[in-house]
> 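Can you keep this structure in mind? I'll have questions shortly.
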Amino acid sequence: MTMITQQTWPVPRQRDAGPVVRLDGVSKAFGEVTALAEFDLEVHAGEFVCLIGASGCGKSTLLNLLAGLESLTEGRITRATSQPAVMFQDPALMPWLTAARNVELALQLAGVGRADRKTRTNEFLELVRLGGLGDKRPHELSGGMRQRVALARALASASIGAENDGPCLLLMDEPFAALDAITRDVLQQELLRIWRATSPAVLFVTHDVREAVRLGQRVVLLSSRPGRVVQQWSADGVPESALVGQINARLREVIGCHGNGSG
Amino acid sequence: MTMITQQTWPVPRQRDAGPVVRLDGVSKAFGEVTALAEFDLEVHAGEFVCLIGASGCGKSTLLNLLAGLESLTEGRITRATSQPAVMFQDPALMPWLTAARNVELALQLAGVGRADRKTRTNEFLELVRLGGLGDKRPHELSGGMRQRVALARALASASIGAENDGPCLLLMDEPFAALDAITRDVLQQELLRIWRATSPAVLFVTHDVREAVRLGQRVVLLSSRPGRVVQQWSADGVPESALVGQINARLREVIGCHGNGSG
Amino acid sequence: MAMVRDDRSIQDDLDALDTPLESAPPSRWRRIIRVVLPPLVAFVLFIAVWQALWALAFWPEYQLPAPLTVWAAISDRFADGEALSILWTSLHRAVLGFGVAVLIATPLGLVVAKVKVVRAAIGPLLSGLQSLPSVAWVPAAILWFGLTDSAIYMVVLLGAVPSIANGLVAGIDQIPPILPKVAHVLSAGRWALARHVLLPAALPGYLAGLKQGWAFSWRSLMAAELIAVSPQLGFGLGALLDNGRALNDMPMVIAAICLILLVGIGVDLLVFRPLERAVLRARGLGC
Amino acid sequence: MAMVRDDRSIQDDLDALDTPLESAPPSRWRRIIRVVLPPLVAFVLFIAVWQALWALAFWPEYQLPAPLTVWAAISDRFADGEALSILWTSLHRAVLGFGVAVLIATPLGLVVAKVKVVRAAIGPLLSGLQSLPSVAWVPAAILWFGLTDSAIYMVVLLGAVPSIANGLVAGIDQIPPILPKVAHVLSAGRWALARHVLLPAALPGYLAGLKQGWAFSWRSLMAAELIAVSPQLGFGLGALLDNGRALNDMPMVIAAICLILLVGIGVDLLVFRPLERAVLRARGLGC
Amino acid sequence: SRIDRGEDSAADRGPATEVRLGYFPNVTHATALIGVRNGFFTRELGQTRLTTQLFDAGPDEAGGMLGGSIDVAFIGPGPAINAYTKSDGKSVRVVAGAASGGAQLVARPGVGSLAGKTVATPQLGNTQDVALKKWLRENNVPDVRILNSDNAQTLSAFRAGDIDAAWVPEPWASRLVVEAGGRVLVNERDLWPQGRFPATVILARTRFLAEHGQTVQAMLRGAANATQWARDNESQAQTVVNDSLAEHTGKPLAGPVIERAFREIELSPEVLPDRLQQMARDAVTAGVAAKTPDLKDFVDSSTRVRSG
Ligand SMILES: Nc1ncnc2c1ncn2[C@@H]1O[C@H](COP(=O)(O)OP(=O)(O)OP(=O)(O)O)[C@@H](O)[C@H]1O
Ligand SMILES: Nc1ncnc2c1ncn2[C@@H]1O[C@H](COP(=O)(O)OP(=O)(O)OP(=O)(O)O)[C@@H](O)[C@H]1O
Ligand SMILES: [Mg+2]
Ligand SMILES: [Mg+2]
């Protein structure tokens with residue numbers, strides 16, 4: 001395992017308590033399908049928020065809205081950060097670039113110099129345990145490996161945001177879904193370390209309640225059809241297993257009452 | 001929840017004890033990367049086998065070999081079943097077909113008549129809790145929904161195999177990875193029900209040890225670089241949590257000793 | 001650096017190159033304006049520049065006729081129905097030739113794309129044939145088929161078939177390999193694979209090939225129509241163009257160019273554009 | 001129904017249409033045979049049929065000359081170096097024209113693909129221009145540029161630019177929308193988006209467009225070379241073809257066709273095929 | 001090792017049911033234009049149906065003849081000789097002449113000597129190209145750039161000043177003079193004995209000639225009558241020709257152009273076989289053909305028509 005050097009991930013800044021992202025009565029409809037409705041949420045600078053919810057409830061849509069990739073149908077989003085770093089649900093690697101070049105692209109587009117770029121790319125690849133596989137193309141990698149490349153790219157992009165002034169935001173959509181338990185554990189710890197060191201605000205989508213409780217300061221449960229905030233839990237100072245049980249029970253309630261998810 | 005009718009999934013047949021799939025000293029190399037080496041495995045008719053292993057250890061490669069989608073580098077595979085039904089790690093839906101047409105395609109290619117096809121397609125969509133979303137295109141679905149469409153297609157394809165004479169084989173690559181806990185539970189139960197009813201041999205790849213133990217009769221752990229069978233556990237009659245702990249420990253050992261997975 | 005965004009995302013900031021993202025559906029009225037206005041403005045601008053150049057008299061009249069003169073040349077031909085008969089003759093041949101070309105090129109493209117031996121054997125030949133100008137076939141066509149419609153169709157086919165086949169091959173080459181794999185595990189035979197996976201998956205590339213193939217048909221037809229003019233063979237656009245050329249009659253040449261463009265743009269707008277949109281829309285691609 | 005499979009998967013069962021899957025790399029020697037043999041066999045077969053048809057004398061000699069006569073016509077030209085100079089004249093013009101066309105068409109295609117207003121305004125025009133035969137431009141080119149090389153290049157450009165631009169547009173339309181989204185969240189500007197995402201992602205479709213564009217350049221050049229023939233302007237393949245036509249000299253016409261095909265096939269084999277393979281290989285596509 | 005399928009000797013089968021006539025919409029083909037438009041051919045043909053095919057280039061027309069889709073054609077001597085030699089003297093015969101004269105070297109105003117100048121001819125090795133090369137050699141004019149370009153292009157280039165002179169047939173010579181202010185340097189008539197050389201001949205397919213000699217004779221009678229009528233009614237003939245041009249090409253020639261062109265061309269059914277032979281020889285002299293073809297059977301005199 002590699003230590004992220006000072007250069008790769010710059011000095012932490014003071015945690016700000018004000019909201020860096022605010023959604024007020026946001027709705028998003030795709031034709032007749034309302035993915036999100038009257039959605040309200042605040043994320044504070046340096047906060048780690050986990051989102052959970054049924055499959056198809058609108059979590060990815062929410063992240064897309066925050067990243068400015070889709071237009072709202074109603075409501076308003078106030079964002080006090082620079083362009084968020086995003087890890088999509090799909091790895092979305094450029095198929096013509098090697099793994100290393102995919103990660104490097106994040107740095108290159110941010111204007112990092114060539115030599116610096118190479119070093120930092122290697123560090124990020126080592127971080128996601130893909131050191132030595134940098135010259136493989138996406139189609140030569142396994143599903144989990146691709147996901148880790150995407151993770152490395154998102155972290156590289158976030159490291160740029162952290163270098164700039166002002167608070168920054170990291171949006172992650174099921175980043176560890178295709179990983180085995182051990183690798184997942186390791187990467188969770190790495191993510192926490194990075195978060196503690198640079199304190200970006202993190203919005204983290206996961207289906208693993210245990211993971212949500214372990215990582216998040218706050219866990220937000222969404223209902224589906226349309227997506228709304230049903231309940232929130234603060235994870236600080238609550239015993240993990242108790243909270244997991246509690247959330248699971250509520251989740252079962254919320255998802256159960258949606259019938260078979262078709263509306 | 002819908003009951004799968006007699007028509008959709010035909011009468012169960014006797015369980016055969018002989019191996020339907022046998023791998024003898026199978027190796028698979030991609031250029032310099034050896035994904036699998038001296039791989040030996042037997043799967044018996046009607047058996048439910050779960051595969052676990054580190055990210056990139058060769059699980060998907062193994063399924064591809066069994067499905068006849070890649071050529072071996074060495075060794076031999078003996079398969080006493082018809083073409084296996086496969087659920088790939090990627091949903092791999094035809095982007096130009098609606099969800100329903102994607103599922104229907106499996107039946108259509110098997111020569112099922114039009115009216116019959118429609119009924120069965122709807123049943124499979126209901127089964128994966130996507131009833132009413134059949135007319136959506138893949139790009140209009142969420143990640144988890146796409147995965148469920150792929151599951152419905154694989155089950156449809158397996159139902160054809162079950163209708164034909166002889167044992168049949170179902171290969172599933174992390175089928176529930178993108179699903180929330182509740183939907184996953186429901187679909188696990190459905191899968192088990194179908195398996196009990198028609199007893200195909202199942203090879204099921206997952207990263208969730210708990211899931212492996214719950215579903216499988218046998219759990220096979222692969223090492224990585226190159227992929228080999230490290231250890232196997234029979235899940236019958238062993239208390240779940242004990243086995244999970246045992247497997248997790250061994251997994252940690254195996255994956256840990258591979259360093260950061262890069263070689 | 002707080003930024004407030006209301007109702008619409010950054011994509012409306014006019015940085016179109018930057019953000020090819022989905023937008024809220026505009027009203028019917030605005031959509032029509034969006035579709036109709038830009039080409040209209042482009043057209044008017046073009047005519048205005050032309051008129052200005054003509055008015056400035058940089059070139060003598062016989063080099064650059066006034067827009068009105070050309071319009072007179074066109075409308076004369078429309079007035080006595082000649083233009084319609086010319087257009088009909090050519091269009092009818094082109095559509096027929098193109099249709100046959102598609103029927104030949106599609107299986108050919110499939111086989112070339114998927115059977116390695118065939119690809120090695122005739123793949124380069126197909127590309128080579130594309131670069132052979134249609135007029136090259138004219139002498140041979142006359143000698144072999146005589147002055148018949150067959151000669152014209154031969155020239156058109158030799159122009160269009162390689163182009164369409166190559167488009168299909170390019171389209172098939174770009175299919176994500178997982179899709180044929182899916183077809184394989186669903187026990188699709190060759191025919192089912194081609195019909196249910198390869199052709200639809202290659203459709204965007206295939207359509208691009210069809211468009212180019214249409215262009216080639218049409219151009220080849222213009223060349224073929226110069227073979228001979230007779231009451232039996234009918235008088236087409238190619239002959240009109242060539243007459244203008246032979247007579248050094250710029251208004252006539254430009255009128256012929258306008259008619260050819262009219263057909264080209266018309267076919268694009270009425271046939272290929274909607275097809276393309278439908279294909280891309282269904283896949284969640286394009287704009 | 002036990003089935004035993006040894007060392008190789010089903011894909012070697014010669015059902016090539018069925019299984020476009022990866023195979024073990026064959027030995028160097030076998031690969032060369034695989035690449036060289038099929039076209040050779042195709043060629044020999046073609047010549048054999050031709051010779052047989054000729055020997056049966058269905059057609060008189062002036063309609064279908066013997067392969068040897070044509071060969072003599074070609075080798076005569078090679079012997080005195082004329083063929084090389086002809087090839088060189090044409091190739092050199094075509095490459096230059098094509099190069100300039102690529103430089104013009106690439107930004108044009110980008111803008112048309114990504115700026116909706118521009119697309120609405122000139123998209124159909126681009127397709128329309130493609131279907132305009134090159135000879136249509138000849139009178140205009142002469143009027144504006146005189147009997148010079150510029151006139152020839154203008155005709156070539158008007159032939160190739162729309163084709164390449166359209167290929168790029170089609171390629172860009174097929175880009176999975178997630179990739180530009182990635183570029184957006186990585187804060188790519190317009191130029192970076194085009195350079196790092198749109199162009200490389202569209203490369204397979206773009207290459208297909210380039211191939212068609214090359215075909216158009218080459219065909220347009222053949223038309224343009226008829227503008228004027230003189231020792232000063234250089235004597236190209238187009239002129240050779242036209243001379244054969246004018247003299248009703250079938251061996252000469254077929255020799256010209258063969259030379260044009262030779263160039264077409266050569267360029268495909270030496271330039272586009274390797275490029276295509278590299279592009280597809282890097283993406284894990286194709287064969 | 002080629003099977004010998006000699007042209008099986010064809011017996012005379014009387015009048016044909018159809019005769020396919022090829023010609024250009026061009027003043028040098030005035031006989032055909034007048035004959036068709038004023039019904040001179042159909043009057044002579046009786047039951048035989050007349051089908052017309054218009055071409056705009058001799059080679060294509062010759063190809064149509066060799067390919068068997070044209071029976072009788074008005075055509076220039078160059079393509080006619082070509083078609084004859086290419087088919088080893090088998091496929092075609094000249095059965096009559098149609099027009100003679102009508103080619104001039106026209107220069108831009110102010111151009112005196114052609115030394116160092118650019119001169120255009122229609123096509124490498126065609127009649128005018130050969131004539132120009134021969135003339136340049138005989139008159140020792142140095143450093144002339146010869147450009148082969150389409151007649152229509154030649155006119156534009158001439159007007160634009162890209163070329164200094166052009167040796168072209170009618171009506172282009174007249175257009176250069178009337179529309180572009182050119183000056184005649186050489187009239188090709190002056191280079192031939194009696195000022196006559198073939199501009200258009202009537203060609204018949206050998207097979208058709210053998211099988212339907214009567215029909216060919218009828219066509220020749222029609223042509224002769226048209227010629228006679230044109231000589232007798234010159235201004236009317238010009239109108240008829242110009243109307244035909246307008247119909248076929250969409251545009252008539254300007255009045256002065258067609259008047260001048262008519263003056264330069266002589267419509268006559270005479271064949272002038274020695275001039276044809278001379279043209280074939282000149283082609284070799286100019287380095288365009290490899291060897292002088294043997295034109296022994298080129299002219300078929302069995303079908304000669306009594307004029308009148
Ligand atoms: N482009 C689109 N067009 C139409 N409907 C869409 C589109 N994108 C998403 N949807 C719909 O919006 C809803 C929310 O989708 P979203 O992808 O946000 O779900 P999700 O919470 O991320 O689910 P998952 O956990 O399965 O990834 C779904 O019902 C989906 O069908
Ligand atoms: N087409 C290919 N070309 C080259 N290498 C490949 C190819 N496919 C797989 N590999 C390599 O083979 C190894 C096994 O890959 P595989 O996809 O089977 O892993 P996996 O066990 O399914 O992993 P995951 O759990 O992440 O999906 C990996 O190291 C991968 O890089
Ligand atoms: Mg999602
Ligand atoms: Mg895998």
Side-chain angles (χ1 to χ4, degrees), chain A residues 1-2 30-31 33 35 52-61 88-90 125-134 136 140-145 147-148 173-174 176-186 206-210 224 247-248 251-252 254-256 258-263, chain B residues 1-2 30-31 33 35 52-61 88-90 125-134 136 140-145 147-148 173-174 176-186 206-210 224 247-248 251-252 254-256 258-263:
Chain A
M1 206 154 317
T2 322
F30 296 100
V33 179
I52 57 176
S55 166
C57 74
K59 304 178 292 297
S60 302
T61 305
F88 292 94
Q89 189 167 7
D90 194 90
L125 282 176
E126 294 277 346
L127 176 77
V128 297
R129 312 186 72 178
L130 286 177
L133 291 179
K136 290 266 180 284
E140 298 170 325
L141 297 176
S142 80
M145 289 168 164
Q147 198 167 40
R148 283 181 280 158
D173 203 347
E174 306 185 27
F176 304 138
L179 300 182
D180 62 277
I182 314 304
T183 311
R184 177 189 279 235
D185 274 358
V186 172
T206 182
H207 282 310
D208 187 335
V209 177
R210 205 173 296 273
S224 58
I247 296 178
N248 260 334
L251 190 62
R252 193 169 303 276
V254 170
I255 299 184
H258 286 296
N260 63 9
S262 65
Chain B
M1 207 154 316
T2 324
F30 296 101
V33 180
I52 56 175
S55 166
C57 73
K59 306 178 292 296
S60 302
T61 305
F88 293 93
Q89 189 168 8
D90 194 89
L125 282 177
E126 294 277 347
L127 177 75
V128 297
R129 312 186 71 177
L130 286 176
L133 292 179
K136 290 267 181 283
E140 296 171 324
L141 297 175
S142 79
M145 289 167 163
Q147 196 167 41
R148 283 181 279 159
D173 204 347
E174 306 185 28
F176 304 138
L179 302 183
D180 60 278
I182 313 304
T183 312
R184 177 189 280 235
D185 273 358
V186 172
T206 180
H207 283 311
D208 187 337
V209 177
R210 203 173 298 272
S224 58
I247 296 177
N248 261 334
L251 189 63
R252 194 169 303 275
V254 169
I255 299 182
H258 286 295
N260 63 8
S262 66

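Order of the sequence lines sets the chain letters (A, B, ...), proteins ahead of strands, with each chain counted from 1.
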> Give, for atom CG of B:Asp180 and atom OG1 of A:Thr206, the distance between the pair rounded to the nearest 0.5 Å.
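Taking CG in B:Asp180 and OG1 in A:Thr206, the distance rounds to 10.5 Å.
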
> On a heavy-atom basis, which atom in B:Asn248 and which in A:Ile182 lie closest, and how many Å separate them?
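Where B:Asn248 meets A:Ile182 most closely, the heavy atoms are O-CD1, 4.4 Å.
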
> Answer with side chain, backbone, both or neither: which region of B:Val209 has an atom nearer than 4.5 Å to a non-hydrogen atom of chain A?
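For B:Val209, neither part sits under 4.5 Å from chain A.
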
> Determine the option with the most heavy-atom pairs under 4.5 angstrom with chain A, choosing from B:Ala178, B:Gly144, B:Gly53, B:Ser142.
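Looking at each of B:Ala178, B:Gly144, B:Gly53, B:Ser142 in turn, B:Ala178 comes out on top.
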
> Among A:Arg148, A:Arg129, A:Gln147, find the one that has a side-chain hydrogen bond (donor to acceptor under 3.5 Å, both in side chains) with B:Ser55.
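Answer to the side-chain hydrogen bond (donor to acceptor under 3.5 Å, both in side chains) test with B:Ser55 among A:Arg148, A:Arg129, A:Gln147: A:Arg148.
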
> Using non-hydrogen atoms and a 4.5 Å limit, figure out which bit of B:Lys136 sits close to chain A: side chain, backbone, both or neither.
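The side chain, not the backbone.
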
> For the residue pair A:Arg252 and B:Asp185, what are the closest heavy atoms and their distance?
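Heavy atoms only, the tightest pair is NH2-OD2, 3.6 Å.
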
> Let me confirm one number: the CG-CG distance from B:Asp90 to A:Asp90, rounded to the nearest 0.5 Å.
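One finds 7.5 Å between CG of B:Asp90 and CG of A:Asp90.
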
